[in-house]
Every structure is written in C-alpha cells, then in structure tokens.
Amino acid sequence: MLSIERKQAILNYVKNKKIASVNELARHFKVHEVTIRRDLTTLENEKKLKRTHGGVMIEEKIISEPDFQKREEVQFKEKQRIASYASSLIEDGDTIILDSGTTTGHIARAIQDRTKLTVITNDINVATILRHSSIKVIVTGGVLYPETYMLNGMITEETLRNLHVHKAFVTTPAIDLEKGLMHYDEYLVPAKIQMLHSATEVFLVTDHTKFGRISLYKYADFIDITSIITGIELDSSLKDRFLEKGLIIHTT
C-alpha cells in the first residue's frame with residue numbers, strides 16, 4: 001500500500017472507530033509502529049486528526065443537527081435500549097427531568113405505564129407521549145422551537161432554577177474526552193445547565209455517535225454528571241479512555 005493510500009485508510013479506520021492506538025493501527029495495516037507514527041504526525045499537521053496519549057482520534061465538529069424526524073430514525077434500536085436501561089433506574093416516588101430529545105422520548109414511552117412518578121420536561125413531544133398516563137407531567141413553559149418540539153428561553157430557565165428533582169436525564173449533541181459536554185447553540189445552553197443543577201443525580205443518555213464530537217459551547221464537565229448511558233456500539237477502546245477519566249459508563 002502506498003503511503004498516501006495508507007494515510008487515507010487510517011483516516012477511514014479512525015473515523016469508524018472514533019479512536020485507535022498506535023499499536024492497533026500498526027497491526028491492522030501490517031507496518032511498523034514508526035511508520036504509523038510518521039503517518040499520524042503528517043495527518044495531525046494537516047489537521048485531519050488529533051493525537052492522544054498512545055493513539056489518535058478524529059474530532060467531528062457539530063454546528064447543527066438534522067430535523068426531528070430524521071433524528072428520530074437514527075440509531076432507533078440503540079436509543080430504545082438506552083431508554084429501557086434508564087427507565088430501570090427510575091423508582092416509584094421519583095421526580096425526574098426529561099430533557100428535550102429523541103432519546104428522552106424513548107424514555108417517556110418506556111415509563112408511560114408507570115405510576116407514582118412526576119416528570120418535568122421542556123419537550124412537547126415527551127409531554128404528549130405521557131398525556132394518557134397516570135404520571136404527573138409538568139411542562140416548563142418557554143418559547144416553542146417547532147422543528148424540535150423543544151421549549152426554551154427565560155421562562156424555561158426560571159422554572160428549572162426553582163426546582164429540585166431526584167434524577168435528570170439529559171441529552172447532548174457532542175461529548176469530548178478532554179472538553180466534556182458541548183453544544184452548538186448558545187441559546188440552548190442555559191436550560192441544560194439548570195437541569196444539571198436541579199437534580200441530585202444526572203444521567204447523560206446518548207447514543208454512541210455523539211462520542212468524539214466537539215462543538216462551540218462547553219456546558220458541563222464530567223464531574224457534573226453521575227454516569228453515562230449509551231449503546232454497546234460504543235467502541236471498547238474509546239469507552240476505556242472515558243473510564244480512565246473516572247466516568248461511570250453503562251452500555252446496553
């Protein structure tokens with residue numbers, strides 16, 4: 001394989017795996033580690049990937065997300081499994097926050113037959129799913145974002161600021177090993193921060209594709225969340241890197 005072909009193949013490999021070690025790449029491409037390190041140096045200088053301790057990763061920059069219907073279809077089965085695991089953590093008598101998102105919509109479906117729960121949400125879709133349940137539903141209020149069914153703004157933030165709940169299940173479009181939880185829209189950050197501050201336990205519920213992504217605005221460190229619930233599709237080596245940070249990650 002020519003050097004230029006190998007470098008493109010390395011990019012494709014890391015893009016698929018999110019993260020890879022030098023040893024892993026050397027074994028996969030059947031070349032010496034020195035050769036791989038040379039290729040990685042070139043690719044990093046070209047700003048095509050990011051070197052880490054002992055390896056490499058690609059940071060996918062997120063500036064927006066697809067519309068709700070498209071997001072609803074992506075990683076559908078994985079989100080169902082995440083929701084099933086998350087629902088098992090919800091106990092009778094709990095008051096919980098369900099953040100706006102397609103994964104939290106699945107959590108709403110998973111708990112809709114439960115009783116003795118109170119759900120606070122800034123998502124009209126989540127509230128609609130629970131409309132015929134025995135669950136007490138509190139909608140935060142705020143400005144409606146029709147394309148996502150989200151409520152946001154000053155009213156949303158003020159409502160969340162005056163609440164204290166047992167558990168919050170929050171979503172994110174980007175999670176980076178070094179930078180934490182990130183978002184592309186500065187107007188959506190304050191409500192997320194209030195959710196983190198309003199709960200005794202905070203669970204990040206996110207499919208595996210959000211790992212290794214970066215965006216413009218950081219809104220939380222890993223110390224701000226209790227644990228992460230994601231799919232078994234998360235690459236094991238990437239999971240290990242997050243575990244080294246002291247994070248608790250549940251894969252399902």
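A single hydrophobic cluster is seen to contain both Val170 and Ile228, as judged by linkage of ILVMFWY side chains at heavy-atom distances under 4.5 Å, directly or through other members. When the side chains of ILVMFWY residues are joined at heavy-atom separations under 4.5 Å, either directly or via intervening members, Ile229 and Leu98 end up in a single hydrophobic cluster. Each of Leu204 and Leu188 belongs to its own hydrophobic cluster when Ile, Leu, Val, Met, Phe, Trp and Tyr are linked at side-chain heavy-atom distances under 4.5 angstrom. Cluster membership check: Tyr219 does not share its hydrophobic cluster with Tyr145, using side-chain heavy-atom separations under 4.5 Å among Ile, Leu, Val, Met, Phe, Trp and Tyr.
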Run the side-chain donor-acceptor check on residues 173-181: report pairs under 3.5 Å with partners two or more places apart or on a different chain.
{"from": "Asp176", "atom 1": "OD2", "to": "Glu178", "atom 2": "N", "distance (Å)": "3.0"}
{"from": "Asp176", "atom 1": "OD2", "to": "Lys179", "atom 2": "N", "distance (Å)": "2.8"}
{"from": "Glu178", "atom 1": "OE1", "to": "Lys245", "atom 2": "NZ", "distance (Å)": "3.4"}
{"from": "Lys179", "atom 1": "NZ", "to": "Glu59", "atom 2": "OE2", "distance (Å)": "3.4"}

Show which side-chain atoms of residues 131-144 pair as donor or acceptor with protein atoms under 3.5 Å away, not counting sequence neighbours.
{"from": "Arg131", "atom 1": "NH1", "to": "Thr128", "atom 2": "O", "distance (Å)": "2.6"}
{"from": "Ser133", "atom 1": "OG", "to": "Leu130", "atom 2": "O", "distance (Å)": "2.8"}
{"from": "Ser133", "atom 1": "OG", "to": "Ile135", "atom 2": "N", "distance (Å)": "3.2"}

Original post:
Yes or no on salt bridge (Lys or Arg N to Asp or Glu O under 4.0 Å) for Glu24 and Arg27, after CA distance, side-chain angles and deciding distance?
Top reply: CA-CA 5 Å; Glu24 176 186 353; Arg27 283 186 285 106; 5.8 Å; no
Original post:
Yes or no on salt bridge (Lys or Arg N to Asp or Glu O under 4.0 Å) for Asp92 and Arg114, after CA distance, side-chain angles and deciding distance?
Top reply: CA-CA 8 Å; Asp92 287 349; Arg114 300 276 298 274; 3.6 Å; yes
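Ser21 and Asn23 share no side-chain donor-acceptor pair at under 3.5 Å. Using modelled atom types and a 3.5 Å distance limit, the side chains of Thr121 and Asp123 yield no donor-acceptor pair. Side chain to side chain, Glu78 and His208 meet the donor-acceptor criterion of an N or O pair below 3.5 Å.
Not counting sequence neighbours, Glu44 has no partner by the salt bridge (charged side-chain N to carboxylate O under 4.0 Å, His left out) test. Remark: Asn12 pairs with Gln8 by the side-chain contact (heavy atoms from CB on, under 4.5 Å) rule, at least two apart or across chains. Taking Ser198 as the reference, nothing meets the side-chain hydrogen bond (donor to acceptor under 3.5 Å, both in side chains) condition, with sequence neighbours excluded. Every residue two or more places apart in sequence or in another chain that forms a side-chain hydrogen bond (donor to acceptor under 3.5 Å, both in side chains) with Thr251 is listed here: Lys239. In this view, Arg38 satisfies the salt bridge (charged side-chain N to carboxylate O under 4.0 Å, His left out) rule with no residue, not counting sequence neighbours. Residues meeting the side-chain contact (heavy atoms from CB on, under 4.5 Å) test with Thr171, sequence neighbours left out: Asp99, Thr104, Lys192, Val205. In this structure, the side-chain contact (heavy atoms from CB on, under 4.5 Å) partners of Ile155, at least two apart in sequence or on a different chain, are Thr159. Every residue meeting the side-chain contact (heavy atoms from CB on, under 4.5 Å) condition with Glu46, not counting sequence neighbours, appears here in chain and number order: Thr42, Leu43, Lys48.
When atom types are taken as modelled, the side chain of Ser100 and the backbone of Leu151 share no donor-acceptor pair closer than 3.5 angstrom. When atom types are taken as modelled, the side chain of His166 and the backbone of Thr95 share a donor-acceptor pair closer than 3.5 angstrom. Side-chain atoms of Asp94 do not come within 3.5 Å of backbone N or O of Ile90 as any donor-acceptor pair. Between the side chain of Asp235 and the backbone N or O of Ser237, at least one donor-acceptor pair lies under 3.5 Å.
Pairs of residues two or more places apart, or lying in two chains, that qualify as salt bridge (Lys or Arg N to Asp or Glu O under 4.0 Å) and include a residue from residues 79-91 are Arg81-Glu233, Glu91-Lys167. Note on residues 227-252: pairs passing ring-ring contact (aromatic ring centres under 6.0 Å, His included), not counting sequence neighbours, are Tyr85-His250, Phe211-Phe242, Phe222-Phe242.
Within 6.0 Å of the NE2 atom in His32, the count of heavy atoms belonging to other residues, nucleotides or ligands does not exceed 12.
Two residues are said to be in side-chain contact when any heavy atoms from C-beta on lie closer than 4.5 Å; Glu201 and Ile225 fail this criterion. Two residues are said to be in side-chain contact when any heavy atoms from C-beta on lie closer than 4.5 Å; Ile96 and Ile120 fail this criterion. Using a 4.5 Å cut-off on side-chain heavy atoms (C-beta onward), Thr35 and Arg6 make contact.
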